[in-house]
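Just below is one structure, and these are the notes that go with it.
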Protein chains: 4
Amino acid sequence: MPRQLPAHTGRAPVSARGTRTRIALVQAARAVFERDGYLDARITDISAEAGVAAGSFYTYFTSKQEVFGAVMADVEEEMLHPRILEPADRDDPVHVIEAANRAYLLAYRRNARLMALMEQVSQIDEDFRRQRLRRARAFTERNARALVALQRRGVADPQLDAQLAARALSAMVSRVAYLRYVQGVGTESVEALVGVLTRLWVGALGIRSATYI
Amino acid sequence: MPRQLPAHTGRAPVSARGTRTRIALVQAARAVFERDGYLDARITDISAEAGVAAGSFYTYFTSKQEVFGAVMADVEEEMLHPRILEPADRDDPVHVIEAANRAYLLAYRRNARLMALMEQVSQIDEDFRRQRLRRARAFTERNARALVALQRRGVADPQLDAQLAARALSAMVSRVAYLRYVQGVGTESVEALVGVLTRLWVGALGIRSATYI
Amino acid sequence: MPRQLPAHTGRAPVSARGTRTRIALVQAARAVFERDGYLDARITDISAEAGVAAGSFYTYFTSKQEVFGAVMADVEEEMLHPRILEPADRDDPVHVIEAANRAYLLAYRRNARLMALMEQVSQIDEDFRRQRLRRARAFTERNARALVALQRRGVADPQLDAQLAARALSAMVSRVAYLRYVQGVGTESVEALVGVLTRLWVGALGIRSATYI
Amino acid sequence: MPRQLPAHTGRAPVSARGTRTRIALVQAARAVFERDGYLDARITDISAEAGVAAGSFYTYFTSKQEVFGAVMADVEEEMLHPRILEPADRDDPVHVIEAANRAYLLAYRRNARLMALMEQVSQIDEDFRRQRLRRARAFTERNARALVALQRRGVADPQLDAQLAARALSAMVSRVAYLRYVQGVGTESVEALVGVLTRLWVGALGIRSATYI
DNA sequence: AATGAATGAGGTTTCATTCAT
DNA sequence: TATGAATGAAACCTCATTCAT
């Protein structure tokens with residue numbers, strides 16, 4: 001009978017060997033999660049996949065939830081943050097929107113398994129969901145500010161609530177990506193999706209641009 | 001976890017008493033699911049909530065998945081299927097869209113707990129997810145056909161891929177509803193949401209209407 | 001992975017079969033505890049000893065601590081509560097004291113294994129220790145009141161603090177019993193112990209009695 | 001739990017550095033034992049408290065039991081052995097008894113945490129219990145011899161079995177100390193306890209002394 | 001049809017101990 | 001000597017499902 005509370009675990013490694021093991025565990029966790037899904041992933045499997053003893057998992061993590069967090073942290077770089085204002089011909093809003101949509105869809109397709117996983121874990125783990133919403137909010141804010149700028153320049157429909165419009169259109173893109181690349185709905189190419197989504201954005205925002213005359 | 005194939009399957013009740021018990025179980029299941037979520041709902045809890053013995057559950061159902069199906073069947077009526085073409089001033093597409101969005105959001109808000117549950121179970125139960133996608137597809141088809149009609153009438157942007165546009169815009173609405181009523185993102189009123197969403201639809205579809213002159 | 005807190009368990013049986021099983025578990029627990037000691041007793045062993053599946057333990061108890069409580073409750077009757085005033089020639093305090101000591105020692109010897117167990121668990125389980133101290137206090141109170149009565153009758157040394165004296169002399173008897181019957185210190189007979197202890201009590205309390213002229 | 005016989009045993013340190021480490025470990029062990037109790041003290045905690053790596057523990061000790069022994073050896077000096085014949089006015093047995101009781105109680109109070117620990121470990125570790133009983137026996141022998149001397153001088157009740165009486169009265173004192181300073185029973189001052197205990201001893205032994213005329 | 005008790009597989013978690021550096 | 005990571009045995013506990021009344 002355990003006579004003691006968990007106490008600690010979840011330490012950062014000090015030695016090189018420890019660092020290696022931790023990395024192996026995170027990689028193994030990612031593989032197991034992508035293969036079995038969050039719920040069916042057993043800690044045992046992660047240890048095995050990493051080639052370490054079952055107990056070694058607890059040298060670095062406290063729970064499945066915690067490794068999952070580590071996997072996500074590791075992966076953050078990999079998932080790009082497409083920004084509406086970054087690319088291409090900065091003066092033509094249509095080009096900007098198109099570039100952003102393309103970047104997003106490509107990244108989504110590239111990491112489809114991971115995105116599926118995130119979607120799943122969001123429905124299972126309260127903390128992760130909250131964290132994710134927070135990030136999405138930041139992203140939407142940026143888009144909203146960009147939209148306000150367009151409205152000021154007289155390029156976009158000034159009657160739109162920028163916040164809501166940004167939220168709704170972002171949701172549209174991410175949901176389309178989810179349906180296409182995780183759920184396998186439809187067979188359209190990235191370019192087909194980019195074309196339609198951009199046209200919808202442009203119309204929705206009331207942008208008048210030479211691109212679509 | 002099933003160690004053998006179930007000896008008997010959930011049967012339809014024969015006696016009046018049986019009918020009552022089955023109804024009690026389904027109601028209890030809904031309450032427990034909404035309270036604890038799908039994963040944490042124990043069959044034991046459902047029986048207890050229904051005021052029957054643990055074993056009685058298996059007189060009517062084989063598994064958690066199965067009661068969940070029954071709950072959904074029971075609830076189907078309650079969840080409306082907003083159709084783009086049904087209400088109001090059928091000749092003004094803006095009115096039609098607005099009415100559909102309003103109906104959808106109101107229904108979503110009314111059944112928010114249930115919608116959260118469906119979203120969750122979609123991520124957990126393969127079968128349920130597939131079933132739900134099938135329904136969503138049917139719904140989208142209808143919208144796509146309506147859009148084609150608008151394009152033929154010269155009211156909507158003829159260059160849009162009707163399928164994709166319908167899918168994307170439906171996804172937008174349902175995701176906004178999810179964020180607002182399940183995740184608690186924002187504090188906007190139904191009317192505010194309806195206003196923005198409708199304006200986005202109308203713009204996106206390139207509808208030229210007196211309503212928005 | 002358990003996704004749920006313990007929830008409940010530890011129910012009282014409703015059916016006759018359940019009652020039988022619970023009794024079997026308590027008896028088995030007592031046997032295992034007396035054989036292996038509290039710490040080394042495994043819940044698994046208790047179930048096995050009772051001839052039921054491992055999981056069945058949790059139908060009636062939540063923890064080792066809880067069965068132990070049940071064992072003690074079951075046993076309470078069996079352990080007599082020797083009272084200084086009950087037996088024999090009520091007017092002769094020496095007879096009364098002697099009878100009480102004899103009764104106590106006999107009971108202790110009869111339940112030596114159990115008493116050893118109680119002593120052990122007192123050092124391990126906070127709650128049990130507190131409970132036991134509470135009982136001991138009640139017992140001491142009674143003795144203290146009896147002593148006050150003797151002091152009022154002019155039979156016992158009036159200068160003694162009755163509370164303290166009662167506590168000290170009770171402790172003396174129980175500790176002697178523990179040393180003799182649990183630790184195996186000495187080889188004296190019950191009567192030898194009764195003789196000395198009574199003589200010590202009588203002297204300590206300053207009782208002047210014909211019995212010891 | 002040991003799965004193999006220990007490859008090496010706790011050695012005495014050779015270097016000065018080693019000596020320091022060993023001392024740190026013993027001190028840490030005492031602190032952890034007093035804080036967490038014997039059972040809940042983890043070797044890991046002791047190492048941490050001592051500020052050394054987990055593995056370093058095994059350079060000096062083989063087991064928890066072994067450090068505990070070292071702690072006790074370290075502490076032996078600190079725990080006085082009150083002797084009935086040592087102090088004060090050697091000719092007045094009452095003074096002698098009183099002085100011994102006072103010395104014992106003061107020492108017990110001073111080391112209450114440690115005494116609690118010893119009491120606990122006695123119930124858990126067979127070897128330690130035996131060792132402790134042996135010491136107690138030696139102590140009782142001395143008291144018994146002193147009592148015989150008193151009987152020969154005609155000062156104490158000659159009918160008492162000296163062995164038993166010494167054992168019983170010593171047990172009384174140590175148990176009262178345990179209840180008062182470890183279990184927190186009562187609020188009496190040392191002097192109040194000394195007063196009552198001495199009076200009980202004197203009466204119990206049938207000592208006739210000017211002190212109590 | 002209902003009851004409620006029994007079953008048992010199997011993943012989780014701990015921590016004393018070992019050992020390569 | 002010290003370090004700190006790795007090991008792995010072992011018990012716990014849950015709860016879906018069965019089944020005798």
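Chain naming here is simple, since letters A, B, ... match the order of the sequence lines and numbering starts at 1 in each. Quick caveat: nothing in here was measured; it's all calculated off a predicted structure.
- Separating the CD1 atom of Ile46(B) from the C1' atom of dT17(F) is a distance of 14 Å, rounded to the nearest angstrom.
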Test side chain to side chain contact (heavy atoms under 4.5 Å, CB included) on Ile124(A) and Gln120(A) and set out the steps.
CA-CA 7 Å; Ile124(A) 291 167; Gln120(A) 187 185 50; 3.8 Å; yes
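- Between Glu49(C) and Arg42(C) no salt bridge is recorded (no basic side-chain N to carboxylate O distance below 4.0 Å).
- dT17(E) atom C1' lies 16 Å from atom CD of Gln65(D), rounded to whole Å.
- In this structure, Gly55(D) and Arg22(C) both approach DNA chain E, and ranking their closest nucleotides by distance from the 5' end singles out Arg22(C).
- In this structure, the NZ atom of Lys64(D) is 13 Å from the C1' atom of dT14(E), given to the nearest Å.
- Phosphate contact (OP1/OP2 of dC15(F), side-chain N/O of Thr44(B), threshold under 4.0 Å): absent.
- For the residue pair Arg132(A) and Ser122(A), the shortest heavy atom distance occurs at NH1-OG, 2.9 Å.
- Among the nucleotides dA16(F), dA5(F), dA11(F), the one closest to any side-chain atom of Arg42(C) is dA11(F).
- Remark: side-chain polar atoms of Thr62(A) are not paired, donor with acceptor, to backbone N or O of Tyr58(A) under 3.5 angstrom.
- Taking 4.0 angstrom as the limit, Ser56(D) places a side-chain polar atom (N or O) nearer than this to OP1 or OP2 of dT3(F).
- The nearest pair of heavy atoms linking Ile43(D) to Ser63(D) is CD1-C, 4.4 Å.
- Put simply, Arg17(D) has no side-chain N or O that comes within less than 4.0 Å of OP1 or OP2 on dT1(F).
- Place Gly18(B) and Ser63(A) on DNA chain E by their nearest nucleotides, and Gly18(B) ends up nearer the 5' end.
- The CD1-P distance, from Ile43(A) to dT12(E), rounds to 5 Å in whole Å.
- Base-pair partner of dT12(E): dA11(F) (Watson-Crick or G-U wobble, both distances under 3.5 Å).
- Across dA16(E), dA5(F), dT18(F), the shortest atom-to-atom separation from the side chain of Tyr58(B) is found for dT18(F).
- Atom CD of Glu66(B) and atom P of dT17(F) are 11 Å apart (whole Å).
- Within the structure, every side-chain polar atom (N or O) of Thr21(A) is placed at least 4.0 Å from both OP1 and OP2 of dA5(F).
- Pairing for dA20(F) goes to dT3(E), judged as Watson-Crick or G-U wobble with the two contacts each under 3.5 Å.
- Using cut-offs of 30° and 60° on the angle between ring planes, the pair Phe68(B) and Phe33(B) is perpendicular.
- When the P atom of dA2(F) is taken as reference, atom CD1 of Ile23(D) falls 13 Å away, rounded to whole Å.
- The residue among Ala54(D) and Phe57(A) whose nearest nucleotide of DNA chain F is located toward the 5' end is Ala54(D).
- In this entry the distance linking CZ of Phe61(A) with P of dA5(F) reads 13 Å, nearest Å.
- For dA2(E), the OP1/OP2 oxygens have a side-chain nitrogen or oxygen of Tyr60(B) closer than 4.0 Å.
- In this structure, CG of Leu39(D) is placed 14 Å from C1' of dC15(E), rounded to the nearest angstrom.
- Taking only side-chain nitrogens and oxygens, Ser15(D) comes nearer than 4.0 Å to OP1 or OP2 of dT1(F).
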